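Written out below as structure tokens is the structure these notes cover.
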Protein chains: 2
Amino acid sequence: MTTIQDVARHAAVSVSTVSNVLNGRTDRMRAETLARVEASIQALQFRPSKLAQQLKTGQTPLLGLLVPSMANPMYGYIAREIESVAQERFGFRLLIGSTYRDREKESAFFEDLLAHGVRRVIVISSLADERHFESAVERGMAVVSYDRGATPGKPSKVGHVMPDNFEAARLATQHLIDKDHRRLAFATVAGMTMSRSAKIDGFFAAAEAAGLRASAQVLDGGALNEYGDSVIAEVGRATALQIAGLPEHPTGIVALNDLMALGLMAGLREAGLGVPEDVSVVGIDGLFLATLSNPMLTTVQLPVREMARAMVERVMQHPGEASEDEREQVFTGVQLIERESVAPPPAASQPRIARRTKPEKAAP
Amino acid sequence: MTTIQDVARHAAVSVSTVSNVLNGRTDRMRAETLARVEASIQALQFRPSKLAQQLKTGQTPLLGLLVPSMANPMYGYIAREIESVAQERFGFRLLIGSTYRDREKESAFFEDLLAHGVRRVIVISSLADERHFESAVERGMAVVSYDRGATPGKPSKVGHVMPDNFEAARLATQHLIDKDHRRLAFATVAGMTMSRSAKIDGFFAAAEAAGLRASAQVLDGGALNEYGDSVIAEVGRATALQIAGLPEHPTGIVALNDLMALGLMAGLREAGLGVPEDVSVVGIDGLFLATLSNPMLTTVQLPVREMARAMVERVMQHPGEASEDEREQVFTGVQLIERESVAPPPAASQPRIARRTKPEKAAP
DNA sequence: CTGAAAGCGCTAACAT
DNA sequence: ATGTTAGCGCTTTCAG
């Protein structure tokens, strides 16, 4: 490995001169010297060791990213967006880790990041409390958390970025109501998180406004196993069976997210229920996969790129630069994308204008 | 940040003693001293800086992982498996990067890894030549490459791990033949890679053996755009339209991978062709998503976990430890998973025993 | 059994 | 305009 010393020797200058050109302080030397140093750097294929730089400056161009599971396409999608912003705008690389929504694993990851000198972290977690990262913040880390708000009352140094989950679920539910569905359900998994409860609130708000509160219910398909998120679709499948068994089963289902919706559709089909003839389903997320299902999934698109950009910018700014009220950023740009998984319920007494839902193109 | 000095002072010993306990050389001290040091470490919440350790030892517990795109569920799946082996068995974290199959981006990523002191990297790339990582190997990196063999004739220091692509495609094709399909096609994207050509070879080998070579063809749905892999499904969709337009269109399609198969099914449906009534489709990969489609996708499952484990173990072993003939590792554990996307062709003259394809459970 | 000291590769005062 | 030097936090001989 070639070092700054080698370059200095090769260019017949001192290490500090080389360091100066490395750090753009080129005004402090003759053009001729600069040229010579640059030539030597080229000739020797010299790359300054970030390790040594970090040790000295305390800064490492690495962004920590903590996701529940890399195998979940939604997180893959978010991660990719985060990566490109971090790389293109700040020259940072990603140090990633799956946590399977486990507190121990999250803490361990934070410890490692700290030890690696990483000072900025984006966390996608739904864990109830975030004390473990509050403490990281205290130790000098900039952290922003996705999809969960600050704990009310407790002022936090952790930044929060999230979609308008309430509105997303409300929109989805309203769409079902507009199609004359009267028996509504929200399909979720075991365990309550902030984003899940916001969605449930949105669901009930829409139902309430339409006077359908009494026939609206929340269905819990069960817990995620060790494998974390890729099995969420399996929970959807289980929920479908549950639905099929209900005496007067709901006809309009809002799913926690697209993966769950996809599982739901598969399960409904297995149970002999047609989508959308018997049951309508709408997802939340806007994954490109929703475009591939049969029927194509009607869903609420979340502004993933915008959120990714916001998270990166937020975590990159100098600590303490954000004012208190900026600590929580809610992205309202959610929109319904009508595809094929929603239709009026089978026995709809007064069918509306049969607006044919046209398939539409691509997504992410 | 608390340092080893702080601990030494707190425990009233020298830094080297602390270092000794950190590195398990506890035999060199009195139990009492050890206890005192450990107590101090606890009390001060001391975590040795990996940065400093690395600078000294030249080793960093980070594994570089280069994928075409994190948004591609297949790579998300592989990445997760790699991560868990790396973490659980070796205590390594992942430094990840998407390259969109671009040589420049790959090289840039390698440079950064080197600068960060990362000495081991797993590359999932399909680029024709791998000279850019040969040079990294020369600079002391251990690299293993997924899904491409060594360039014949050119001895390489790069390790290679891959599934038996030939056999995977052959199995898929044979399955179609067994179901009496006579007009076969292999659906791929623009650009030839080693794994793609192995699959095509397997496809033709099966066709040949059944005397169907003349009616077997390769369909190229076009190029991937900047977004890389998540649009592969769109290419599948385009291919479907192309198929529908063919005079005597093929009835049995083997797709390059599951994502493409999913897009193919969506496109076929748009074109008014039923799957599997009119056209049968089989994928390759074994993604859990194949379990969610309608009809559920029949596919060839690749031994992802085994390959992930092999790659990590390979890249972790001491450089030069592998013998020449181990340089290339082909995983033959591929197997067909029958689901619903394959049936005899519409005009099958002599229908076989109507073996009902049963839906089956889960996957990844 | 424990401590002193020499770096790892780089940065940034401080000299010259 | 360029060189000298003191560390960043840790590991590791080598002495006591």
Side-chain angles (χ1 to χ4, degrees), chain A residues 1-38 40-41 44-62 111-119 139-140, chain B residues 1-38 40-41 44-62 111-119 139-140:
Chain A
M1 176 150 231
T2 124
T3 80
I4 200 174
Q5 316 268 6
D6 301 327
V7 178
R9 204 173 312 123
H10 186 274
V13 294
S14 75
V15 291
S16 64
T17 298
V18 180
S19 174
N20 284 336
V21 352
L22 252 33
N23 294 282
R25 288 182 286 270
T26 52
D27 52 317
R28 301 199 197 170
M29 68 198 73
R30 229 174 341 202
E32 192 262 321
T33 310
L34 172 58
R36 199 144 37 88
V37 173
E38 281 177 333
S40 298
I41 289 177
L44 271 48
Q45 289 267 51
F46 170 69
R47 299 273 150 211
S49 157
K50 309 238 176 205
L51 244 49
Q53 288 178 318
Q54 289 154 217
L55 185 56
K56 192 63 194 170
T57 63
Q59 283 285 331
T60 176
L62 250 25
E111 286 303 330
D112 272 17
L113 288 179
L114 236 13
H116 275 289
V118 177
R119 310 297 217 71
R139 293 200 256 167
Chain B
M1 181 156 220
T2 125
T3 78
I4 199 175
Q5 317 269 5
D6 300 329
V7 178
R9 204 174 311 123
H10 186 275
V13 296
S14 76
V15 291
S16 62
T17 298
V18 179
S19 174
N20 283 335
V21 353
L22 252 34
N23 293 283
R25 286 182 287 270
T26 52
D27 52 317
R28 300 198 196 170
M29 68 198 73
R30 231 177 335 209
E32 190 261 321
T33 310
L34 172 59
R36 200 147 33 89
V37 172
E38 280 176 335
S40 298
I41 289 178
L44 272 48
Q45 288 267 50
F46 170 70
R47 299 271 149 214
S49 156
K50 309 240 176 203
L51 243 49
Q53 287 179 318
Q54 291 154 216
L55 186 56
K56 193 62 195 168
T57 63
Q59 284 285 331
T60 177
L62 249 27
E111 287 302 329
D112 272 18
L113 288 178
L114 237 11
H116 275 289
V118 177
R119 309 295 219 72
R139 294 201 256 166

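A, B, ... follow the sequence lines: proteins, then strands. Residue 1 opens every chain. These numbers were taken from a predicted model, which means no experiment stands behind them.
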Apply salt bridge (charged side-chain N to carboxylate O under 4.0 Å, His left out) to B/K50 and A/E111, showing your working. CA-CA 11 Å; B/K50 309 240 176 203; A/E111 286 303 330; over 6 Å; no
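- Within the 4.5 Å cutoff, no side-chain heavy atoms of B/R9 are placed close to those of B/S40.
- One end of the helix from C/dC1-D/dG16 to C/dT16-D/dA1 points its axis 50° away from the other end's axis, with each axis taken from 5 pairs and the angle rounded to 10°.
- Considering only heavy atoms from C-beta on, B/Q53 stays 4.5 Å or farther from B/K56 through its side chain.
- Using a 4.0 Å heavy-atom distance criterion, B/D27 is classed as a sugar-phosphate-only contact.
- Using a 4.5 Å heavy-atom threshold, the side chains of B/F46 and B/V37 count as separate.
- Looking only at side-chain heavy atoms (C-beta outward), B/P61 and A/H116 come within less than 4.5 Å of each other.
- Between B/T33 and B/T17 there is a side-chain heavy-atom pair separated by less than 4.5 Å.
- Here C/dG3 presents its C1' atom at 13 Å from CZ of B/R36, a figure rounded to the nearest Å.
- Contact annotation: the side chain of A/Q5 approaches that of A/V15 to within less than 4.5 Å [non-hydrogen atoms, C-beta and beyond].
- A side-chain contact (heavy atoms from CB on, under 4.5 Å) with A/I41 is found for exactly one of A/V7, A/I4, A/T2, namely A/V7.
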Going 5' to 3' through nucleotides 6-16 of chain D and flagging B where a protein heavy-atom sits under 4.0 Å of the base, S where only the sugar-phosphate is that close, and - otherwise, we get -BBBBBB----
